[in-house]
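Structure incoming, see below.
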Amino acid sequence: MSADFASFLYLVSGVLFIMALRGLSHPPTSRQGNMYGMVGMGIAIVTTLALARPSMGGFALIVLGLALGGSVGAITARRIPMTSMPQLVAAFHSLVGLAAVMVAAAAMYAPESFGIGTIGNIHGQALVEMSLGVAIGAITFTGSVIAFLKLDGRMSGKPIMLGGRHFINAGLGIALVVLIVMLVLTESYAVFWLIVVASLVLGVLLIIPIGGADMPVVVSMLNSYSGWAAAALGFTLGNLALIITGALVGSSGAILSYIMCKGMNRSFISVILGGFGGETAAASGDDGIQRTVKTGAADDAAYLMMNAQKVIIVPGYGMAVAQAQHALRELADKLKANGVEVKYAIHPVAGRMPGHMNVLLAEANVPYDEVFELEDINSEFAQADVAYVIGANDVTNPSARDDKASPIYGMPILDVDKARTCLFVKRSLGSGYAGIDNTLFYKDGTMMLLGDAKKMTEEIVKAMDH
Amino acid sequence: MSADFASFLYLVSGVLFIMALRGLSHPPTSRQGNMYGMVGMGIAIVTTLALARPSMGGFALIVLGLALGGSVGAITARRIPMTSMPQLVAAFHSLVGLAAVMVAAAAMYAPESFGIGTIGNIHGQALVEMSLGVAIGAITFTGSVIAFLKLDGRMSGKPIMLGGRHFINAGLGIALVVLIVMLVLTESYAVFWLIVVASLVLGVLLIIPIGGADMPVVVSMLNSYSGWAAAALGFTLGNLALIITGALVGSSGAILSYIMCKGMNRSFISVILGGFGGETAAASGDDGIQRTVKTGAADDAAYLMMNAQKVIIVPGYGMAVAQAQHALRELADKLKANGVEVKYAIHPVAGRMPGHMNVLLAEANVPYDEVFELEDINSEFAQADVAYVIGANDVTNPSARDDKASPIYGMPILDVDKARTCLFVKRSLGSGYAGIDNTLFYKDGTMMLLGDAKKMTEEIVKAMDH
Amino acid sequence: MEKTALEHALDQLDQASAAARLALDQVQDAADAAGAAAHAASGGAIDPFVFRFAIFVLAIFVGYYVVWSVTPALHTPLMAVTNAISSVIVVGALLAVGISAASGLATGFGFVALVLASVNIFGGFLVTQRMLAMYKKKEK
Amino acid sequence: MEKTALEHALDQLDQASAAARLALDQVQDAADAAGAAAHAASGGAIDPFVFRFAIFVLAIFVGYYVVWSVTPALHTPLMAVTNAISSVIVVGALLAVGISAASGLATGFGFVALVLASVNIFGGFLVTQRMLAMYKKKEK
Ligand SMILES: NC(=O)c1ccc[n+]([C@@H]2O[C@H](COP(=O)([O-])OP(=O)(O)OC[C@H]3O[C@@H](n4cnc5c(N)ncnc54)[C@H](OP(=O)(O)O)[C@@H]3O)[C@@H](O)[C@H]2O)c1
Ligand SMILES: NC(=O)c1ccc[n+]([C@@H]2O[C@H](COP(=O)([O-])OP(=O)(O)OC[C@H]3O[C@@H](n4cnc5c(N)ncnc54)[C@H](OP(=O)(O)O)[C@@H]3O)[C@@H](O)[C@H]2O)c1
């Protein structure tokens, strides 16, 4: 295959990746988009094989590698519960980061294979691009591993704040720059591996001070990093598919981080500097003044909802924790069978990753045209009889709207307090991710349904049958 | 200047052009966007001068050319009335088309200057790219001239339908392909000029069968063509700024054509095939059944509006013809001073070019946040006391909504018939661009104010003072 | 024609060096063969046309998105400004006038193109500026 | 060392041809000089890096627009699918394994990269497919 034609095919696969993301602009076109992505990947792989013309042995090795990795990937994809998506994405990012490091290492040890010179004679430009790729890749790798461990609960979500960590990080950053210059000058393997080690350490140090609950922003940021690493290696390999994909992934991660930060009304810098939240750090509500709370039982909730005309369901992180989506769907079915209008309201940062609630509701077969975004439904709470808030907390907190002193002031919220009655399903009067008290619990129109989201919802469904 | 650095600067100017269009997404950022565009053009020009290093004589010639063209352009830009925008854009497109032809000719006669070979030895690929550029450029040139003449009223808007024109056009198209192949084989000047002539003729033949009122779609289509011509020459010159700009302009024209066709509920093909409309072809309303029409005078209109709570103004092509925008603004001011709520509703194809009404209203100092698009205001007519329809017709015709047999059935319309009273300012009961009767004239809630839009509006303003 | 001893010696030297060069070439060839495909993959020898085409395709995507995001109220200025930027074709005119002093004809064509493009550049940007200056918010 | 008549003749011939070549070169040089800047402008000799950089920049624009147009309900699948496509880094792994039979170490690194990327490719696309399959419209 001529190099020109191969480059053209790489361009085609880059364009197919663009089409893949483009498909996600609407659910009906999204499946086709995913197909485009697969075809693009297939073209990139076949083109590379046609260029590389591996020996029989090499070919066998390639098939082995694809089969090995592919089957692990396929099995994981099939088995993973939807509630573990945040962890899975973090884990996958770590693999991309490590793969980037490995590819760069292969290029160091066999530069001819990549057309970037010969050993001891690698082009300076290629060395710069490569070392950027390897550094970003290594940071992505260890950073994502930490994020995975925190999200999966295998490591405490508490921020780990080393003394003088800013100095250490800055020092490592400067060391990386010096090492990259040295690599270009000496092309020494030792320097190369020093870059890898320094970046791996930096990846850990950057992420450990960030609280577990901030991990979604971190995951998205690391997604962006893995894109830039891929693009850097794309420059080294002169591969259009890699350059285009790197830019796409880089943008995507950056934009999602931005959306999350805006949804939380926090600056990206404050997230990255760390020290915020950590699930256990959340203060519980009993801090002084005694306020009255109206609590209720499943029967009360069932009665209220069955006699409503319009119920808006507001799911939050607690629904994911309790895996209550299927029970919730049953409840909505019961209501609809009784002529009650049911809609779902999704806050942009409900749950722990963008679109988290949507995936879970989709898993429970909730049709996506019953699910609305904040701007589209917020005005409807005033006409709703019941707002059924299940495992959500911060995204309903009126202090974000009314109390200028509140740390979340300015964050847009769902106006559940405008509904006639507000049912709150959660296990305690404790606070949510932001660690601040929710004044809504003490309001007149609010009824607390204390208990696990799934169990409580199931009980309500049962009570409706009576 | 090194060629690499120059290419980089051309990329910068391409990016600045992207930023220029990006700025147009909101009025407040649009002026800055225009600045970006100018800076991008400046960079492209200075970079080229630094590359070409012209002799003193050459430099003088360049300054002369820039000054000559620049002053004509600047004076035109300052003097042109806003109502002549459609013509002006058509005229400007013709210049771009001719400039493309001239650049290609210069490349034919001095290929070394463009680095595409020597005389008699021009690279085949460059010849193909060039002849595409020259053909599209020449079509753009004559096509735009015809569009200009029709829009400016210097030529009848009536479609001129030659017998067998489809055959002639197809023949010319085939001839062009043959000529291009011959040019690559022989590199003969005669063949080059034959391509130019054939394309010039084709440009005329393509546009004359299209009615005057369809010219906006044609202008936009030619805009797109001029972009593709620029891109083709960009390939010849290997110039990134030209390639990027060509693609931007090409997309822009195509999208605007699409928007117009959708707004008129017609297919692009039917527009291009021609024969539709032509201002004089419009049939007038008196075709058989006698129906009663309620007409009114300026006093009646003034009374109705002064006693309204909410007035929605619907401008159309007639407002542009009558230059009534300033009088209209005065009328709105009077109403607002009297506590009446005033909004403007703009149909996507009101007037004769996209955004036509918006520019005129802006010229009359109507703040753009009082001006609404169809989707955003259509539901408000039901709450409006008066819809003041000034020089609009087709965009309000309910047969597009209700009558499946109507030729404009399916085109979205402004629901002015939902308003309590509908005031129609126009000179007669004649039809608009589509040439079909408007049933709204005969409805109960409608009052016709027959007369010139500007005069009538001024009279109403006067009547309000009494 | 007889050769002197020195000439013989020189010839032999030449032959030896030629043989050495041949051997070297073969080694080089082997190395080249190993890396040839890779080099191709790396894009070292790619026709610039491919890159330009890629740039063209991506610019069409950008154009598509950037134009759809233009607010309908500014569609007329959009037409004016795209017209202005499409006269970046002026770079071709500048090359023709600036370099091709050799061919009077080419200079002439270039000059015409330059004047036409200049009309567009100044006319297009200025009329756009004039239009945009009119779009104002309500003063409160 | 004396020269034969023939050698003299040959030498003279050589000199003449050299002179001719020199003259030719000078003409060529002049022509080159005239077109040099133009050639530069035409991009004939542009470093591919510039093109790649242009592609990179435009792809960032495309990415910006295409990602903003993703509906928020599909942000989780977006994260999964970007992950899948970013494993197109597999092309580097394939080159390493397929070509660099010379260096065992490089093959090893490449193989590891290949396995990791494959996990991502299959895992990423399949999990996305699984998620997207769940997004359904209300059945009427
Ligand atoms: N989505 C994103 O992309 C993203 C990214 C970063 C940060 N965040 C942050 O995450 C928060 C999301 O808000 P949110 O309202 O969804 O969640 P939240 O404010 O964190 O509240 C979740 C609530 O669920 C309850 N809960 C936990 N497990 C439960 C169970 N098994 N059954 C019933 N209830 C349970 C908890 O109360 P109890 O302990 O009393 O049960 C908790 O108050 C926001 O503050 C947002 O800024 C989101
Ligand atoms: N905007 C675009 O981009 C575009 C592009 C292509 C086609 N079009 C077509 O253009 C039409 C636009 O609709 P429209 O409602 O704006 O215009 P229209 O349907 O063409 O009607 C304009 C009306 O204005 C009246 N008029 C003309 N001069 C007048 C004057 N001096 N004073 C008062 N009234 C005057 C005419 O009636 P009298 O003769 O009775 O006065 C005419 O009925 C649509 O059919 C659309 O499809 C628009």
Side-chain angles (χ1 to χ4, degrees), chain A residues 17 21-22 24-25 27 30-31 34 37-38 41 44 48 52 54 58 61-62 65-66 68-70 72-74 76-77 85 89 92 95-96 98-100 102-103 105-106 109-110 113 226 230 235 237 239 241-245 247-249 251-252 255 354-355 358-359 362-363 367-369 373, chain D residues 52 55-56 59-60 62-64 66-67 69-76 78-79 81-83 85-89 91-101 103 105-106 109-129 131-132 134-138:
Chain A
F17 292 150
L21 300 195
R22 193 170 144 60
L24 293 175
S25 52
S30 62
R31 279 173 286 265
N34 201 40
M38 293 187 211
M41 189 60 75
T48 311
L61 211 56
I62 288 172
L66 278 171
L68 216 72
V72 173
T76 316
M85 270 302 140
V89 170
F92 276 177
L95 300 185
V96 177
L98 189 54
M102 288 292 134
V103 168
Y109 283 84
S113 307
S226 72
F235 275 91
L237 305 186
N239 186 298
L242 257 175
I243 295 179
I244 295 175
T245 311
L248 288 179
V249 176
S251 307
S252 162
I255 290 174
N358 304 78
V359 174
E363 189 196 6
Y368 63 74
D369 37 9
E373 287 165 45
Chain D
R52 290 188 196 127
I55 290 169
F56 179 63
I60 291 180
V62 175
Y64 174 86
V66 93
V67 171
S69 74
V70 171
T71 171
L74 293 177
H75 275 161
T76 298
L78 171 67
M79 290 179 88
V81 86
T82 51
N83 184 271
I85 66 174
S86 70
S87 43
V88 69
I89 188 101
V91 300
L94 290 174
L95 287 179
V97 179
I99 301 182
S100 64
S103 155
L105 225 48
F109 292 137
F111 186 72
V112 175
L114 176 61
V115 173
L116 297 176
S118 306
V119 172
N120 260 14
I121 294 176
F122 285 80
F125 281 120
L126 290 180
V127 86
T128 310
Q129 198 174 39
M131 273 191 265
L132 293 178
M134 301 183 316
Y135 284 80
K136 292 200 197 79
K137 247 199 158 130
K138 190 158 31 185

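Quick note on labels: first sequence line is chain A, next is B, and so on, each numbered from 1. Just so you know, these numbers use all the heavy atoms, side chains as well, and skip hydrogens, waters and symmetry mates.
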Output all residues satisfying side chain to side chain donor-acceptor pair (under 3.5 Å) with A/Ser251, sequence neighbours left out; order by chain, then residue number.
->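 Partners of A/Ser251 by the side chain to side chain donor-acceptor pair (under 3.5 Å) criterion come out as none, since no residue qualifies.
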Region of A/Ile255 in contact with chain D, defined by heavy-atom distances below 4.5 Å =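 The side chain, not the backbone.
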Under a 4.5 Å heavy-atom cut-off, does chain A meet the side chain of D/Ile85, its backbone, both or neither?
->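 Both the backbone and the side chain of D/Ile85 come within 4.5 Å of chain A.
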Under 4.5 Å from any heavy atom of chain D - which part of A/Glu363 =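 For A/Glu363, heavy atoms of backbone and side chain both lie under 4.5 Å from chain D.
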Kindly write out the residues that satisfy side chain to side chain donor-acceptor pair (under 3.5 Å) with D/Thr128, not counting sequence neighbours, or none if the list is empty.
->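 Partners of D/Thr128 by the side chain to side chain donor-acceptor pair (under 3.5 Å) criterion come out as none, since no residue qualifies.
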Side-chain donor or acceptor of D/Tyr135 paired with backbone N/O of D/Ala73 under 3.5 Å |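 Yes, because the side chain of D/Tyr135 sits within donor-acceptor range (under 3.5 Å) of the backbone of D/Ala73.
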Which bit of D/Val91 comes within less than 4.5 Å of chain A, counting heavy atoms only: side chain, backbone, both or neither?
->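 Both backbone and side chain of D/Val91 come within 4.5 Å of chain A.
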Considering only heavy atoms and a distance below 4.5 Å, find which of D/Phe111, D/Tyr64, D/Phe125, D/Phe122 pairs most often with chain A.
->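 Going by pairs under 4.5 Å, I would pick D/Phe125.
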Output the option from D/Ile60, D/Ile55, D/Val62 having the highest count of non-hydrogen pairs under 4.5 Å with chain A.
->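 Greatest number of close heavy-atom pairs with chain A: D/Ile60.
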Count the heavy-atom pairs under 4.5 Å between each of D/Val127, D/Asn83, D/Val67, D/Val81 and chain A, then report the option with the highest count.
->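 Among D/Val127, D/Asn83, D/Val67, D/Val81, the one with the most close pairs to chain A is D/Asn83.
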Closest approach of D/Ser118 to A/Gly65 (non-hydrogen atoms, all atoms of both residues) |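 Shortest heavy-atom separation between D/Ser118 and A/Gly65 comes out as OG-O, 3.8 Å.
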Would you please test D/Leu95 and A/Thr48 for side chain to side chain contact (heavy atoms under 4.5 Å, CB included) and show each step?
-> CA-CA 7 Å; D/Leu95 287 179; A/Thr48 311; 3.9 Å; yes
Given that the side chain runs from C-beta out, which part of A/Met38 has a heavy atom under 4.5 Å from chain D: side chain, backbone, both or neither?
->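 Interface part for A/Met38: both.
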Looking at D/Ala113, D/Gly110, D/Gly124, which has the largest count of heavy-atom pairs under 4.5 Å with chain A?
->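 If we count pairs closer than 4.5 Å to chain A, D/Ala113 comes out on top.
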At a heavy-atom separation under 4.5 Å, does A/Ser252 approach chain D through its side chain, its backbone, both, or neither?
->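 Both backbone and side chain.
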Mind listing the closest non-hydrogen atom pair of A/Ser25 and D/Ser69 along with its distance?
->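 For A/Ser25 versus D/Ser69, the nearest heavy atoms are CB-O, 3.0 Å.
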In terms of heavy-atom pairs under 4.5 Å with chain D, which of A/Ala241, A/Ala74, A/Gly73 leads?
->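 Greatest number of close heavy-atom pairs with chain D: A/Gly73.
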